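Taking it in order: structure first as structure tokens, then the write-up.
Computed from heavy atoms alone, side chains included, the values below leave out hydrogens, waters and symmetry copies. All figures in this text were calculated on a predicted structure; none of them were measured in a lab.
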Amino acid sequence: MPGSVKLRSVKKFGQENDSYEFSDEGKLFGTIFTLLDMFYCQFALQFRFASCREICMMIFGSICAIIHGSAQPLMLLVFGMLTDTFIEYDIELNELTDPEKVCVNNTIQWRNLTEEENLALNMTRSCGLLDIEYEMTNFAYYYVGIGAGVFILGYLQISLWITAAARQIQIIRKMYFRKVMRMEIGWFDCTSVGELNTRMSDDINKINDAIADQVGIFIQRFTTFVCGFLMGFAKGWKLTLVIVSVSPLIGVGAGLMFVAKLTGMELQAYAKAGAVADEVLSSVRTVAAFGGEKKEVERYDHNLVSAQRWGIRKGLIMGFFTGYMWFIIFLCYALAFWYGSSLVVDTQEYSPGTLLQVFFGVLIAALSLGQASPCLEAFAAGRGAATIIFETIERKPEIDCLSEAGYKLNKVKGDLEFHNITFHYPSRPEVKILDQLNLQVKSGETTAFVGPSGAGKSTAVQLIQRFYDPKEGMVTLDGHDIRGLNIQWLRSLIGIVEQEPVLFATSIAENIRYGRPGVSNDDIITAAKEANAYNFIMDLPQKFDTLVGEGGGQMSGGQKQRIAIARALVRNPRILLLDMATSALDNESEAVVQEALDKVRMGRTTISIAHRLSTIKNADVIVGFEHGRAVERGKHEELLDRKGVYFTLVTLQSQGDKALNQKARQGDDVEAGVDLRSSVHQRSRSQLSNVVHELSVAIAGDGLPDDDSDEVEPAPVARILKYNAPEWPYMLFGSFGAAVNGGVNPVYALLFSQILATFSMPDPVEQRREINGICLFFVVVGLVSFFTQLLQGYAFSKSGELLTRRLRCLGFQAMLGQEIAWFDDHRNSPGALTTRLATDASQVQGATGSQIGMIVNSLTNIGVAIIISFYFSWKLTLVILCFLPFLALSGGFQAKMLTGFAKQDKEAMEAAGQISGEALNNIRTIAGLGKERNFVEMFEAQLEAPYQAALKKANVYGACYGFAQCVVFMANSASYRFGGYLVYREGLHFSFVFRVISAIVTSGTALGRASSYTPDYAKAKISAARFFQLLDHIPKISVYSDEGDKWDNFKGDIEFIDCKFTYPSRPDIQVLNGLSVSVRPGQTLAFVGSSGCGKSTSVQLLERFYDPNNGRVLIDGRESTRVNVAFLRSKIGIVSQEPILFDCSIAENIRYGDNQRHLSMDDVIAAAKKAQLHDFVMSLPEKYDTNVGSQGSQLSRGQKQRIAIARAIIRDPKILLLDEATSALDTESEKTVQDALDKAREGRTCIVIAHRLSTIQNSDIIAVMSRGYVIEKGTHDYLMSLKGAYYKLVTTGAPIS
């Protein structure tokens, strides 16, 4: 029976918590008005790109939606008549069971009375007229008719709306990209590329959501709402008012349930534990060095308690409100049926059918409004997105690069002149870049611009290209203001080579061809030859067809530069702009590129910006810039005599060159020139965005924890449950609650059909008593439901939260147990790991707890329903069971449908996204080459595929939606027809028909709903698998294992024998190259050498953060790989350059030095005194309880260093490692710290790494390292007498290499 069919939705929306808010009256009309108002705005704004054809589609789609929306109330009319027919028939049967009565002339009469006497007794009930089978056949046809109509309407409604939306979105995408590509460069300075890319994808998708199927569905549900209430009021206004009066109670429940979403609180509660995890993982080396793993796991676990509490509280509250909702709903049933039946039985205002029509009419109306509200969110989001997108589409670019306006000169000489130009960048209006610049560039000459960074050289070049227009003054070409010239034509005269040339992701030939459309292959080859690029291109296997990679990534700097020069030359430009064209190259490439540039400058107006003298000397004119003005011009010699800007730059540079040459003689890399590049020329934003772009590409792929998710096999549920095993009593109780809740639906079907049965009872007194009993039973079921929902909510949230906490703890412990090399992998960055702890662990709940509840609930629901049905009529049950798979399918389909398509859309849009990304990131290059149109065309070509996919989706989705909507009607049609047959032929009581049908149909939809929970479930299994991967990962160097040697009289005798080592994350760089050095107990060994020569690495091998690839490290004669890790580390104290402190008190930080035993306050103070720290701590208000802040931020460097020393001393280590312990300090603190260190070194084996001589001189052994091995070792005096590397170091203070 169709009414109860919809009842699945009550449950559904109880769970989704956004039903029912509507029904309290004021709110109701408020909602309606907002809807109408929104609709109007909606149409005004978002459908502005709809052509006539789309408007017709949308209107037709809306009409279908309106008719579709009225189908359900229409079905209730049929249903009411059907019920009345059954009851009529049953009453007739009941009358005729009395042996004294008989059917005469189609009226029931007493056997032994005459017609007159019978009339006097009012015996007028008809009989024998009602052919129940024939009637049911008719009703079945009605149902099939409505069902077929619903299928067609559903299909049309969805497919028309989606198609119309796809066409409009296509237009919006094209208009938007076209407009963005026309914008002036200043606009891009103020708008980030990332933001534009997001708008291209996300914002336009939001508009799509707001103008596609959602509108149709919204209209449909809104119509159902209106029709349902109209029907209620038309058929029986009294009952309608009674039902409406109770609905605010449900509204309150649903409203409060919103409040109950305590997820926010739970996340906040987790944040504290998350902060601990982040702090610990960021400083994992310190934790490992001091053996603090177990302590940290306990601290983390301690902080998880509050998150767990909130989670359980949330479960409890959600359970309470779900229970409350159900309780109220059952009370509503009781009230409606009690009051309704009195209207039927006592005052006979209604027929039983009318009672059902009114009750279900109001119910369906209420539900539909609840289901319509999610659409509003989509509309609002779409409107917000549309506003932003349309603002851009409407904006007039200040410099429109695609406009046809402006002159084209017949003959171009190439004289450029700047008249009184003042300029600010639009993104930094407060900074004046050019200040009344006056300057002439003569045709055919090479003019060089020099000056410090930020003097306005590049800006002047960009004004020539007309990337910007000056605020005051003008730029002229051959005497014409360039603002009056056609912009594409102007740019076609100019060839530009930049510092960081941008190549596009295509072949070399295509990249050169970008310079000028329709260029022949010969021209390309000529240009390549002129640019000195021909030879290296011909050496490549695919020659000119070689792909250069994203951003030219496959080419070296010099190769990219030469391809860019060829691209500039192929234009045959009148004006050549060289903006630091060689600065990014090494000497060799520079010479080649420079030679190419000198060849091509001939006979063209050339402006060259450069920092290297060699490139400027031979220019015809040199112009010196300072503070946005041209302060001097002339030839090289003249300017040197003037001793101005140029002179300072030259002298600075020649000194830098001298130093460089000296360094080069010592055999170092020549790449650190202190030339005019000293102020590394920071290019304008577009170049930065290049860097950012590459990063963002990496990030966009969710590069972090998902890298390995592809290979992850979903975890077996059994293993997840094993971790949840200790909570079995909770899960048992929860499952019990879920089972009872599952039984509620079928019990409802039982009671509902029982009420119908009472309407055909002949005895009024018994009838009344039966009805009251059933209504009371409704209340009891409501109460039971309340308590079991509460139980289910609480029990499963408790077991789930305990599981989450246990997994987080285990996961954190496993992370801290990994070897240090594991943390070097970018996938295991602290950020990625903390996210994994936060999200993966909580997602695993989806596979246990509530998921089990859901499954148990559905199974008992279906189980009880089928038992009831088979008990009352097995034949009818079998007929309906045929429809069960379809019902489940339609329920599950609606949940699945949307996710599947979203993914395909994303993939289809990726190709277009790549083009738009490349275009926006390199907008300056594209503008300079005048290639905007090409990119717009490429982008539009790529949009075709997603558009076709969307049209296909419209049909598939429409058909599925229609099917899902009509399946219930078909099921009802077959079931009632067969029911009529059984009632007539086999004397089945009609109430059993209703009982069987409503029980199975409600449980069928419940099945569908359970299947829709699978996404959570799948996610949970993947998360669990990732987690187990972490737990199963066996570290190469295990902290937690007890294996390995331990011995009592640990001396601290250390020996490195021929150690070779590369970091696992950078296997191509050899760090240690056969390091051999030894130190006896109690001695001090000092390592010196330039940075990167392997000093700190050797210390990390000793700590066993890593093991050497070849060679051995011996400790007291035992090989380090055989020693127990925890034991070894407990004998070593370390003080590093930037000591890491934890966010707790000073005393706690010092105690961290020894996590094996409990340390008294006296121990702490003793260590502090040794580290010269005690007096300073006592001067603080809270003394040893002072919190040091996150990473020790509340303290100065010297204070942090001394706490670190105290922390190392309290371990009483046999080996002390000092890694640049004083290098970061000022002289005064250094002295204090140095004293503390000298005290600490007494009687211990000590390894010191330092750059300052004062700290090394009195070491027993000094080892000078270079490139990973020791080049000289001995005492200070011995090494000085050698006059080798150490001597040079001491006398010049120069770094050793």
Side-chain angles (χ1 to χ4, degrees), residues 174 176-188 193 196-197 200 397 399-404 406 408 461-462 464-468 485-498 500-521 523-524 527-528 531 544 547-552 555 560-561 563-577 579 684 686-687 689-690 693 911-943:
K174 286 182 176 174
Y176 184 69
F177 188 67
R178 214 173 284 166
K179 182 48 73 86
V180 167
M181 292 305 286
R182 296 179 84 133
M183 291 297 179
E184 72 278 8
I185 302 290
W187 184 79
F188 285 97
V193 174
L196 287 175
N197 279 331
M200 300 281 306
I399 304 173
D400 185 351
C401 57
L402 294 180
S403 89
E404 299 297 327
K408 303 181 179 178
V461 167
Q462 297 194 39
I464 298 173
Q465 288 178 280
R466 220 181 142 207
F467 282 171
Y468 305 95
L485 301 174
N486 176 293
I487 191 159
Q488 286 279 344
W489 175 82
L490 170 72
R491 287 181 185 166
S492 72
L493 302 176
I494 301 174
I496 181 160
V497 184
E498 300 165 285
E500 292 271 330
V502 171
L503 300 185
F504 297 102
T506 148
S507 68
I508 295 182
E510 282 307 304
N511 265 298
I512 298 179
R513 195 170 276 130
Y514 269 123
R516 191 171 93 220
V519 101
S520 73
N521 284 344
D523 294 346
I524 292 182
F544 277 93
L547 293 179
V548 300
E550 176 82 30
M555 301 281 144
K560 283 206 310 204
Q561 223 25 307
I563 295 173
I565 294 173
R567 179 172 69 190
L569 294 183
V570 97
R571 297 172 81 88
N572 194 5
R574 284 300 310 128
I575 301 168
L576 191 58
L577 306 176
D579 187 354
S684 59
S686 70
Q687 229 114 43
S689 64
N690 252 348
H693 168 61
Q914 269 172 341
I915 290 178
S916 64
E918 189 171 32
L920 299 175
N921 281 313
N922 308 324
I923 189 71
R924 282 164 192 269
T925 307
I926 291 172
L929 295 170
K931 278 283 163 272
E932 295 89 353
R933 273 202 184 86
N934 292 36
F935 275 89
V936 171
E937 281 157 21
M938 274 157 55
F939 180 73
E940 291 182 359
Q942 285 298 341
L943 284 180

Checklist entry - Within the side chain of Asn486, is there an N or O that forms a donor-acceptor pair under 3.5 Å with the backbone of Trp489? => result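 Yes; at least one donor-acceptor contact below 3.5 Å.
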Are [X] and [Y] close enough that some pair of their side-chain heavy atoms sits under 4.5 Å apart?
X      : Y      : answer
Pro397 : Trp187 : no
Leu929 : Phe504 : yes
Phe467 : Ile399 : no
Ile923 : Met181 : yes
Asp523 : Arg516 : yes
Phe177 : Leu943 : no
Val570 : Tyr514 : no

Next on the checklist: Tell me which pairs pass salt bridge (charged side-chain N to carboxylate O under 4.0 Å, His left out) where either residue lies in residues 503-512, with sequence neighbours left out.
Outcome noted: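 Only Glu510-Arg513 qualify under salt bridge (charged side-chain N to carboxylate O under 4.0 Å, His left out).
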How far apart are the closest heavy atoms of [X] and [Y], and which atoms are they?
X      : Y      : answer
Val497 : Ala564 : CG2-O, 4.4 Å
Ala527 : Ala566 : CB-O, 3.6 Å
Phe939 : Ser916 : CE1-CB, 3.9 Å
Ile524 : Ala509 : CD1-O, 3.8 Å
Leu576 : Pro573 : CD1-CG, 4.2 Å
Asn511 : Arg567 : O-CD, 3.2 Å

Checklist entry - Residues two or more places apart in sequence or in another chain: which of them pass salt bridge (Lys or Arg N to Asp or Glu O under 4.0 Å) with Arg571? => result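 Arg571 satisfies salt bridge (Lys or Arg N to Asp or Glu O under 4.0 Å) with no other residue.
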Checklist entry - Is there a donor in the side chain of Gln465 and an acceptor in the side chain of Arg924, or the other way round, less than 3.5 Å apart? => result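 Looking only at side-chain atoms, Arg924 and Gln465 do not form any donor-acceptor pair under 3.5 Å.
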Next on the checklist: Run Ile496 and Val461 through side chain to side chain contact (heavy atoms under 4.5 Å, CB included) and show every step you take.
Outcome noted: CA-CA 9 Å; Ile496 181 160; Val461 167; 4.3 Å; yes
Hey, what do you get for [atom1] ([X]) to [atom2] ([Y]), rounding to the nearest 0.5 Å?
X      : Y      : atom1 : atom2 : answer
Arg933 : Arg182 : CZ    : CZ    : 7.5 Å
Arg491 : Ile575 : CZ    : CD1   : 13.0 Å
Ile185 : Tyr468 : CD1   : OH    : 6.5 Å

Next on the checklist: For Gln488, run the side-chain hydrogen bond (donor to acceptor under 3.5 Å, both in side chains) check against Glu404, Glu932, Lys408 and tell me which one passes.
Outcome noted: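 Between Gln488 and the candidates, side-chain hydrogen bond (donor to acceptor under 3.5 Å, both in side chains) is satisfied uniquely by Glu932.
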